[in-house]
Amino acid sequence: MKKFMLIVACLAVLCAPAAAQTGTPAPPTPEETKVKVEEALAIKNKNDEAQANSMRARAMTNVQIELTLTDQTGNAPAEKKTVSMIVASSSLGKVRTAGTIRPQADAPYPVMLNVDARPYLNADGSVNLELTIEYYPLKDAGTEKEGVKQRPSGINQSQTVVLQNGKPLAISQAADPITDRKVIVEVKATVLK
C-alpha cells in the first residue's frame with residue numbers, strides 16, 4: 001500500500017507542471033467576480049435608461065393623421081372627403097360628424113363620417129396606426145333597383161396598419177353590394193417634431 005501511495009504522489013508531482021501548461025485559467029477570485037457583476041449591471045442600467053428615454057420621447061410626440069375617402073359610382077366624378085387630426089403618440093383621437101336626411105315621402109336616414117385613430121411610433125420612424133372608420137354617405141336620390149329606392153351602403157371598418165412617416169397608403173377599397181360604387185380609403189401619418 002505504501003508503494004501505491006508513493007506512485008500516486010509521484011504521478012501528482014509529475015503531472016502538475018503538465019496541467020499548468022495546458023492553459024486552463026484559474027477561477028476568478030471573489031473580488032474579480034464582484035467587479036464583473038457590477039460592470040454588467042452598470043451597462044444594463046444604462047441601456048434600460050436609454051430605452052426608457054426613447055420611449056418617453058416617442059410617447060410625447062404628436063402625429064398628424066390625414067384620411068381621405070374617395071367615393072365613386074361608375075364613371076361619375078369621384079367625391080372626396082378628408083379628415084385630419086393631430087394626436088399624441090399612443091393616445092386616441094376621435095372625429096365625429098353626423099346628420100339626418102329627411103327625404104320627401106321617405107323615412108329619414110343618418111349620414112355620418114366618424115374616425116378613431118391611435119398612432120404608435122416605432123423606433124425606426126414608422127407609425128403603427130389603429131384606425132376605425134364609420135361612413136354613411138349622402139347621395140342625391142339614391143339608386144333604384146327593381147323599382148325600389150336604395151340608399152347608399154355604409155362602411156364600418158377597423159384595422160391596424162404600419163405607415164411610413166409622411167407617405168400616403170391606400171389601406172382599403174370597398175365595393176357597394178348593390179351598385180358599381182366603390183370607396184377607397186387612403187391614410188397618411190406624419191410625425192410632427
Side-chain angles (χ1 to χ4, degrees), residues 39-102 108-140 142 151-177 179-193:
E39 288 174 355
L41 284 174
I43 290 171
K44 181 186 178 310
N45 289 341
K46 185 176 179 183
N47 289 342
D48 288 350
E49 186 178 336
Q51 184 177 8
N53 288 339
S54 175
M55 288 174 66
R56 274 192 293 276
R58 288 196 305 261
M60 297 174 66
T61 302
N62 286 327
V63 180
Q64 181 175 7
I65 309 297
E66 294 175 69
L67 181 127
T68 303
L69 291 163
T70 304
D71 192 342
Q72 184 174 20
T73 303
N75 293 327
E79 293 180 27
K80 290 195 176 212
K81 310 272 187 210
T82 301
V83 177
S84 181
M85 69 177 89
I86 295 177
V87 184
S89 177
S90 305
S91 297
L92 179 63
K94 294 181 177 189
V95 173
R96 299 282 182 268
T97 56
T100 302
I101 301 303
R102 300 181 191 285
Y109 67 94
V111 291
M112 67 181 69
L113 175 54
N114 298 331
V115 179
D116 298 351
R118 184 186 308 264
Y120 295 91
L121 295 185
N122 298 319
D124 66 357
S126 63
V127 178
N128 283 13
L129 182 65
E130 293 177 1
L131 187 67
T132 299
I133 304 162
E134 190 175 26
Y135 173 55
Y136 293 95
L138 165 68
K139 290 291 183 184
D140 293 333
R151 292 189 183 99
S153 299
I155 295 172
N156 189 338
Q157 71 184 52
S158 290
Q159 62 197 98
T160 301
V161 293
V162 178
L163 302 168
Q164 298 304 314
N165 183 20
K167 294 184 181 177
L169 179 67
I171 60 169
S172 71
Q173 178 174 321
D176 190 303
T179 66
D180 61 348
R181 175 175 159 251
K182 65 180 176 182
V183 178
I184 298 170
V185 179
E186 182 180 271
V187 68
K188 178 171 75 168
T190 305
V191 178
L192 303 176
K193 300 195 178 195

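This chain uses plain numbering: 1 for the first residue, then up along the sequence.
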So, does Arg118 use its side chain to make a donor-acceptor pair with the main chain of Ser89 at under 3.5 Å? no

Taken in chain and number order and not counting sequence neighbours, the residues that satisfy side-chain hydrogen bond (donor to acceptor under 3.5 Å, both in side chains) with Asp116 are Arg96

If you take all heavy atoms of Pro119 and Val87, which pair is closest and at what distance? CD-CG1, 3.7 Å

Are the side chains of Thr190 and Val63 in touch, meaning some heavy atoms are under 4.5 Å apart? no

Which of Val83, Val183, Val187 passes side chain to side chain contact (heavy atoms under 4.5 Å, CB included) with Leu69? It is Val183

Over all heavy atoms of both residues, which pair between Pro137 and Ser153 is shortest? Give the atoms and the distance, please. CD-O, 3.7 Å

Tell me, with the steps shown, if Arg181 and Asp71 meet salt bridge (Lys or Arg N to Asp or Glu O under 4.0 Å). CA-CA 7 Å; Arg181 175 175 159 251; Asp71 192 342; 2.8 Å; yes

At what distance, to the nearest 0.5 angstrom, does OH of Tyr136 lie from CG of Asn114? 9.5 Å

Could you check whether Tyr135 and Asn156, counting side-chain N and O atoms only, form a donor-acceptor pair closer than 3.5 Å? no

In sequence, state the C-alpha distance, the side-chain angles, and the governing distance for Leu192 and Thr61, and then conclude on side chain to side chain contact (heavy atoms under 4.5 Å, CB included). CA-CA 7 Å; Leu192 303 176; Thr61 302; 5.8 Å; no

Please tabulate, one pair per line, all N/O donor-acceptor pairs under 3.5 Å involving side-chain atoms of residues 161-174, not counting sequence neighbours.
{"residue": "Asn165", "atom": "OD1", "partner": "Val191", "partner atom": "N", "Å": "2.8"}
{"residue": "Ser172", "atom": "OG", "partner": "Gln157", "partner atom": "OE1", "Å": "3.2"}
{"residue": "Ser172", "atom": "OG", "partner": "Gln157", "partner atom": "NE2", "Å": "3.1"}

I'd like to check the side-chain contact (heavy atoms from CB on, under 4.5 Å) partners of Ala78; sequence neighbours left out, ordered by chain and number. Thr70, Gln72

Please enumerate all residues that pass salt bridge (Lys or Arg N to Asp or Glu O under 4.0 Å) together with Glu134, with sequence neighbours excluded. none

Any salt bridge (Lys or Arg N to Asp or Glu O under 4.0 Å) pairs touching residues 184-193, not counting sequence neighbours? Glu66-Lys188

May I have the list of side-chain donor-acceptor pairs in residues 123-133 shorter than 3.5 Å, sequence neighbours left out?
{"residue": "Asp124", "atom": "OD1", "partner": "Ser126", "partner atom": "N", "Å": "3.0"}
{"residue": "Asp124", "atom": "OD1", "partner": "Ser126", "partner atom": "OG", "Å": "2.6"}
{"residue": "Ser126", "atom": "OG", "partner": "Asn122", "partner atom": "ND2", "Å": "2.8"}
{"residue": "Asn128", "atom": "OD1", "partner": "Asn122", "partner atom": "ND2", "Å": "2.9"}
{"residue": "Thr132", "atom": "OG1", "partner": "Ser158", "partner atom": "OG", "Å": "3.0"}

